[in-house]
Amino acid sequence: MPLIAVLIQMEENGVSVDTKLLAQMSKELDNTLQHLEVNICAISGGVFNLNSPKQLANILFNKLMLPVIKRTKTGPSTDSEVLEELAAQKFEIAEKLLEYRQLTKLKSTYIDVLPTLIHPKTGRIHTSFNQTITATGRLSSSNPNLQNIPARGDWGKRIRGAFVPAKKDWVLLAADYSQIELRILAHLSQDPVLLKAFQEGKDVHQSTADELGISRDAAKTVNFGVIYGISDFGLAKQLKIKRTEAAEYIKKYFEKHAGVKAFMDKTIAEAKEKGFVTTMLGRKRPLPDINSPNYSIKSFAERTAINTPVQGTAADMIKVAMITNNLQLTTNNLKAKMILQVHDELVFECPKDEVENLKQTVEKAMIDALPLSVPIKVDVGVGGSWAEAG
DNA sequence: CCCGTCACG
DNA sequence: ACGTACGTGACGGGC
């Protein structure tokens, strides 16, 4: 499978970033962060290194005597989940710390680093797409990782806004699979209710919400949970509800979706028998722990058995699309360049006058990649930056 | 070099 | 009674 040729091209193509925008963001954050730091130190009654979880824990839980929410191996945790809880309990410092953490993350990992990685010869940033790292068949990206560029919130959008076409009269085009993993679950399980929902073009999260009598947001969490190998404990934690209530939702979900339940039981049984699971295109993942006497280890393997065929088939699918699409670019003599893959999304840089052509080509390649029993939906966006195209 | 943390799908 | 959502990579702190 000649995906490697496509990956080499993408690595060589690289991406272009607007350094002026990034420099402006950096300056703005310097200001905001300085104020936050002064503010936080004032509340805590002393100067300390805000970037040290150890020093922070000491301030929060020894000096200020805030309640310990959860522990890590080494001491009380100060992660965002803990800070959210403390903020909900009206501890002002927690709110400030959340903002400080978020902004330092974006500054130190993306805003200040990306400009330094621009190759002097090409003027672009070149990642490595790794084909042999993940257990499911997904790609990974490193040096720098361009598969975890911020997407959420105002600052996420501003950072994606700095990913731009290099030339005048060129644009970025982003094509995303819509709910690909749930569609694959529908195909693999052949669950009649899920199949029907997709075939009728329903909003599946809303369908689940109606079935379970819960909000669309909660239903979305349930649907994700199903793909991850749901447990009442995990769902309860995620939805901040009682474990018994979560168990009821799961029971109800599996009553409505007996096909999904049967698929999961069958997948786990097969994994126990053969010692591995497979994706649609035959990628194997060994699961040596699936018969472990240790409940925790065995459960982990069982969740993996459920998740891998779904996540791995989605990876198979976009890889096929990348290969056929790249062939199409050549045959159609397009100047468009594939520059990024982010698991269920392909990003291209292309001349404005090729947009309509490319749209058709990409959409078709992605839809036709694998024959599924449900329609495949691809959202395509175009714009002057990744923020506008995505 | 490990840990805690957090960015993405 | 037990302990848990799936898959990654990078940063700063601190040993």
Side-chain angles (χ1 to χ4, degrees), chain A residues 48-58 70-84 97-98 100-114 117 127-130 132-153 155-156 159-160 176-182 185 221-239 243 246 250 277 279 285 287 293-312 314-315 318 340-346 386 390:
Chain A
F48 68 104
N49 187 344
L50 304 199
N51 298 315
S52 163
K54 195 180 171 183
Q55 292 182 36
L56 177 60
N58 190 37
K70 67 173 177 184
R71 304 189 148 272
T72 67
K73 279 182 257 179
T74 56
S77 171
T78 69
D79 71 13
S80 60
E81 199 186 315
V82 168
L83 295 176
E84 293 284 1
L97 282 165
L98 279 166
Y100 180 86
R101 276 260 177 85
Q102 192 210 355
L103 297 180
T104 47
K105 178 77 171 189
L106 299 184
K107 189 165 187 290
S108 67
T109 309
Y110 307 101
I111 294 169
D112 286 347
V113 177
L114 290 173
L117 300 174
T127 184
S128 295
F129 284 108
N130 314 301
T132 57
I133 296 285
T134 68
T136 56
R138 276 189 172 182
L139 301 178
S140 84
S141 159
S142 55
N143 301 309
N145 182 356
L146 294 183
Q147 290 182 322
N148 74 344
I149 299 300
R152 300 158 194 163
W155 280 100
I159 292 172
R160 286 206 175 198
D176 286 69
Y177 279 119
S178 164
Q179 293 161 338
I180 190 63
E181 294 193 343
L182 279 176
L185 178 67
T221 305
V222 171
N223 283 335
F224 273 113
V226 169
I227 290 166
Y228 294 154
I230 202 163
S231 74
D232 54 0
F233 185 94
L235 184 64
K237 188 176 159 198
Q238 206 67 30
L239 288 179
R243 194 169 168 170
I250 294 169
V277 289
T279 68
R285 177 168 185 179
L287 294 169
N294 180 317
Y295 176 87
S296 190
I297 292 175
K298 185 187 66 178
S299 299
F300 193 4
E302 289 178 352
R303 291 196 297 275
T304 309
I306 288 166
N307 176 261
T308 296
V310 177
Q311 188 183 123
I318 196 165
L340 291 174
Q341 187 256 42
V342 193
H343 311 304
D344 64 357
E345 171 183 18
L346 295 176
W386 195 3

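Every chain is numbered from 1, with letters handed out A, B, ... down the list of sequences. Every heavy atom of this structure was used, including side-chain atoms; hydrogens, water molecules and symmetry mates were not.
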| request: Mind checking T127(A) for me? I need base, sugar-phosphate or nothing, with any heavy atom below 4.0 Å counting as a touch. | output: nothing
| Got a second to check how far I133(A)'s CD1 is from T136(A)'s OG1, nearest 0.5 Å? | 11.5 Å
| Do any side-chain nitrogens or oxygens of T74(A) fall under 4.0 Å of OP1 or OP2 in dG4(B)? | yes
| request: Examine the side chains of S128(A) and N143(A) and answer whether a donor and an acceptor come within less than 3.5 Å of each other. | output: no
| query | Can you name the closest pair of heavy atoms from R303(A) and Y228(A) and give their distance? | reply | CB-O, 3.6 Å
| query | Atom CD of Q179(A) and atom CD1 of I227(A): how far apart are they, to the nearest 0.5 Å? | reply | 9.0 Å
| said: Is there a side-chain contact between S141(A) and the phosphate of dG9(C), meaning an N or O under 4.0 Å from OP1 or OP2? | reply: no
| field | Greater than 12 external heavy atoms within 6.0 Å of F224(A)'s CZ | value | no
| said: Regarding E181(A), tell me which of base, sugar-phosphate or nothing describes its non-hydrogen contacts under 4.0 Å with the strands shown. | reply: nothing
| request: Return the nearest nucleotide to the side chain of R101(A); candidates are dT5(B), dG7(C), dA7(B). | output: dT5(B)
| said: So if I take every side-chain heavy atom of S299(A) and compare against dA7(B), dG3(C), dG14(C), which nucleotide ends up nearest? | reply: dG3(C)
| said: Can you tell me how far apart CD1 (I149(A)) and CG (L114(A)) are? Round to the nearest 0.5 Å. | reply: 5.0 Å
| field | Whole-Å gap separating C1' (dA7(B)) and OH (Y100(A)) | value | 17 Å
| field | dC2(C) to dA7(B) separation - C1' atoms, rounded to the nearest Å | value | 33 Å
| said: Check this for me: does the side-chain of S140(A) come within 3.5 Å of the base of dT8(C) through a donor and an acceptor? | reply: no
| field | Atom pair distance, as rounded to whole Å: CG in D176(A) and P in dG9(B) | value | 9 Å
| Rounded to whole angstroms, how far apart are NZ on K107(A) and P on dA7(B)? | 16 Å
| query | Within the structure, does a side-chain N or O atom of S108(A) lie under 4.0 Å from either OP1 or OP2 of dC11(C)? | reply | no
| request: Could you tell me whether the phosphate oxygens of dT4(C), OP1 or OP2, come under 4.0 Å of any side-chain nitrogen or oxygen in Q238(A)? | output: no
| note | Value for OG1 (T78(A)) from CG (N58(A)), rounded to nearest 0.5 Å, stands at 12.0 Å
| message | Does I133(A) reach a base, just sugar-phosphate, or nothing at all? Heavy atoms under 4.0 Å. | response | sugar-phosphate
| How would you label the contact of A135(A) with the nucleic acid (heavy atoms, under 4.0 Å): base, sugar-phosphate, or nothing? | sugar-phosphate
| What is the nucleic acid contact for E345(A), judged by heavy atoms within less than 4.0 Å: base, sugar-phosphate only, or nothing? | nothing
| request: Searching all strands shown, indicate the nucleotide that pairs with dA1(C) (Watson-Crick or G-U wobble; both distances under 3.5 Å). | output: none
| task | Among dA10(C), dG14(C), dA7(B), find the nucleotide with the atom closest to the side chain of S142(A). | result | dA10(C)
| field | Nucleotide of dG9(B), dA10(C), dC2(C) approaching N145(A) most closely (side-chain heavy atoms) | value | dA10(C)
| said: Over all strands shown, is G225(A) touching base, sugar-phosphate only, or nothing at heavy-atom distances under 4.0 angstrom? | reply: base
| OP1 or OP2 of dG3(C) less than 4.0 angstrom from a side-chain nitrogen or oxygen of N294(A), does that happen here? | no
| What is the nucleic acid contact for T104(A), judged by heavy atoms within less than 4.0 Å: base, sugar-phosphate only, or nothing? | nothing
| Considering only side-chain heavy atoms of L106(A), which listed nucleotide, dG9(C), dC6(C), dA7(B), is closest? | dA7(B)
| query | What nucleotide, of dA7(B), dG9(B), dC2(C), holds the atom closest to the side chain of Q102(A)? | reply | dA7(B)
| query | Where the side chain of K105(A) is defined as all heavy atoms beyond and including C-beta, which of dG9(C), dG12(C), dG9(B) is the nearest nucleotide? | reply | dG9(C)
| request: Could you work out the separation of dT4(C) and dC3(B) based on their P atoms and round it to a whole Å? | output: 16 Å
| field | dC6(C) OP1/OP2 closer than 4.0 Å to side-chain N/O of T136(A) | value | no
| Atom NZ of K73(A) to atom C1' of dC15(C): distance rounded to whole Å? | 15 Å
| request: Inspect the contact between R101(A) and D79(A) and indicate whether a charged nitrogen and a carboxylate oxygen are less than 4.0 angstrom apart. | output: no
| task | Mark yes or no for a side-chain to base donor-acceptor pair under 3.5 Å between R138(A) and dG9(C), with no hydrogen or angle criteria applied. | result | no
| query | Base, sugar-phosphate, or nothing: which does F224(A) touch, judged by heavy atoms less than 4.0 Å apart? | reply | nothing
| query | Counting any heavy atom closer than 4.0 Å, what does R160(A) reach on the DNA or RNA strands: base, sugar-phosphate only, or nothing? | reply | sugar-phosphate
| Roughly how many Å is it from CG in L146(A) to C1' in dA7(B), rounded to a whole number? | 12 Å
| task | Figure out the CG/P separation between D79(A) and dC6(B), and round it to whole Å. | result | 6 Å
| said: So, OP1 or OP2 of dA5(C): does either fall under 4.0 Å of a side-chain N or O from R303(A)? | reply: no
| request: Specify the separation, in whole Å, of atom CD1 of I149(A) and atom P of dG9(C). | output: 14 Å
| field | Distance below 4.0 Å between R152(A) side-chain N/O and dG9(B) OP1 or OP2 | value | yes
| task | Classify the nucleic acid contact of I227(A) as base, sugar-phosphate or nothing, counting any heavy atom under 4.0 Å across all strands shown. | result | nothing
| Expressed in angstrom and rounded to an integer, what is the separation of Y228(A) atom OH from dG3(C) atom C1'? | 20 Å
| query | If you look at every strand shown and take non-hydrogen atoms under 4.0 Å, does S80(A) touch a base, only sugar-phosphate, or nothing? | reply | sugar-phosphate
| request: Report which part of the nucleic acid N148(A) touches: base, sugar-phosphate, or nothing (heavy-atom distance under 4.0 Å, all strands). | output: base
| said: Let's see if you can work this out: which of dC15(C), dA10(C), dG4(B) has an atom nearest to the side-chain heavy atoms of P53(A)? | reply: dG4(B)
| query | Distance check: side-chain N/O of K237(A) vs OP1/OP2 of dG3(C), anything under 4.0 Å? | reply | no
| Which nucleotide in the list dC8(B), dG7(C), dC11(C) gets nearest to the side chain of Q311(A)? | dG7(C)
| query | What distance separates T308(A) OG1 from R138(A) CZ, expressed to the nearest 0.5 Å? | reply | 10.5 Å
